[in-house]
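Have a look at the structure below before the remarks.
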Amino acid sequence: MPVAARGDRSPAPHTGALESLLDRVSRGDQYAFENLYTAVAGSVLGLVRRVVRDPAQSEEVAQEVLIEVWRSAARFDARQGSAMAWIMTLAHRRAVDRVRSVQAAADRDQRAGVGAYTAPFDEVSELVERRLEREQVRRCLAQLTDLQRESVTLAYYRGYTYRETADLLGAALGTVKTRLRDGLIRLRDCLGVSA
């Protein structure tokens, strides 16, 4: 059954009539459900539309609410409030759940989209930039003394430890550390790197 449009609803029966209809619906009376549906569908759709905003989703949620009324009519307790209040509470909760669900899905899509984004890669400019950096490092290495250049090359480009570098150069460990420190300071200054 499609949900009634706003203008199609008939005046809602008095509270006792809705409660009576709900009682009959809880026992599986389809005719009572048709009457209940006709009486409340417009109000349910109106409330859901105010919460959900999207007309198509509003109709879908209103249908879900009315199906829930059919399935759970036995849970209605007149001591807790009127039949209309119970139905509208179901409608409001279902509408809010839909809004939250749609927002959660949008948030997931946003996070997935951000996570999947890869910046455009310009291979040529990246290659040129790396070459320029290598050339600048070579120029700066050329400005070091021979002893500094050898120490830096062995320790940082060939991966030797300070002790191995000292052994290869036949120098004391303290001397190699001093050469490395001075060489790195000169490289830093030449490359324009801030400390």
Side-chain angles (χ1 to χ4, degrees), residues 1-134 136 191-195:
M1 283 180 237
V3 175
R6 281 180 179 236
D8 295 345
R9 64 183 156 159
S10 56
H14 62 82
T15 301
L18 283 179
E19 290 172 357
S20 173
L21 286 173
L22 265 176
D23 180 52
R24 289 174 38 210
V25 168
S26 71
R27 289 181 268 132
D29 184 336
Q30 291 183 359
Y31 180 72
F33 181 69
E34 288 177 22
N35 289 329
L36 181 70
Y37 185 101
T38 302
V40 300
S43 297
V44 167
L45 179 60
L47 172 68
V48 170
R49 189 169 278 172
R50 283 190 299 277
V51 175
V52 175
R53 305 242 185 244
D54 178 76
Q57 284 195 39
S58 296
E59 288 180 11
E60 188 177 308
V61 170
Q63 278 300 118
E64 291 171 4
V65 169
L66 292 166
I67 290 169
E68 185 176 354
V69 167
W70 168 256
R71 290 181 179 158
S72 63
R75 289 192 323 216
F76 170 68
D77 183 357
R79 293 172 297 189
Q80 300 290 322
S82 71
M84 190 60 147
W86 181 73
I87 292 169
M88 296 306 271
T89 299
L90 292 176
H92 185 264
R93 287 180 183 161
R94 183 68 63 120
V96 168
D97 286 348
R98 175 62 63 96
V99 169
R100 288 179 179 156
S101 174
V102 167
Q103 184 60 50
D107 291 347
R108 276 192 309 276
D109 290 346
Q110 173 70 21
R111 285 191 304 273
V114 168
Y117 175 76
T118 55
F121 180 70
D122 184 353
E123 194 173 324
V124 174
S125 67
E126 189 71 26
L127 182 63
V128 168
E129 195 172 313
R130 274 188 265 144
R131 281 186 183 161
L132 289 173
E133 287 173 356
R134 276 197 302 263
Q136 186 178 10
L191 293 170
V193 177
S194 57

Distance-minimising heavy-atom pair for Ser82 and Glu19:
CA-OE2, 4.0 Å
Indicate yes or no for a side-chain donor-acceptor contact from Thr89 to the backbone of Ala85 under 3.5 Å, with no hydrogens or angles considered.
yes
Glu133: which residues meet the side chain to side chain contact (heavy atoms under 4.5 Å, CB included) condition with it, sequence neighbours left out?
Glu129
Can you list the residues that meet the side chain to side chain contact (heavy atoms under 4.5 Å, CB included) rule with Ala91, with sequence neighbours excluded?
Val44, Leu47, Val48, Val65
Where at least one partner belongs to residues 85-106, residue pairs that pass ring-ring contact (aromatic ring centres under 6.0 Å, His included), sequence neighbours excluded
Phe76-Trp86
All salt bridge (Lys or Arg N to Asp or Glu O under 4.0 Å) counterparts of Arg75, not counting sequence neighbours:
Glu68
Which residues satisfy the side chain to side chain donor-acceptor pair (under 3.5 Å) test with Gln80, sequence neighbours excluded?
none
Could you walk me through whether Arg98 and Asp54 pass the side chain to side chain contact (heavy atoms under 4.5 Å, CB included) check?
CA-CA 11 Å; Arg98 175 62 63 96; Asp54 178 76; over 6 Å; no
Using the salt bridge (Lys or Arg N to Asp or Glu O under 4.0 Å) criterion, which residues pair with Arg24? Sequence neighbours excluded.
Asp29
What pairs with Ile67 under side chain to side chain contact (heavy atoms under 4.5 Å, CB included), at least two apart in sequence or on another chain?
Arg71
Between CG on residue Leu18 and CD1 on residue Ile87, distance to nearest 0.5 Å
6.0 Å
Which residues satisfy the side chain to side chain donor-acceptor pair (under 3.5 Å) test with Asp77, sequence neighbours excluded?
Arg79
Distance (rounded to the nearest 0.5 Å) between Glu34 CD and Leu21 CG
11.5 Å
Only pairs at least two apart or in different chains count here, so list each ring-ring contact (aromatic ring centres under 6.0 Å, His included) that has a residue in residues 41-70.
Phe33-Trp70
If you take all heavy atoms of Leu90 and Val69, which pair is closest and at what distance?
CD1-CG2, 3.9 Å
Those residues at least two apart in sequence (or on a different chain) that pass side chain to side chain donor-acceptor pair (under 3.5 Å) with Arg27 are Asp23
Point-to-point distance, once rounded to the nearest 0.5 Å, from OG of Ser58 to CZ of Arg53:
9.5 Å
CZ/Arg108 to CD/Gln103 distance, rounded to the nearest 0.5 angstrom?
10.5 Å
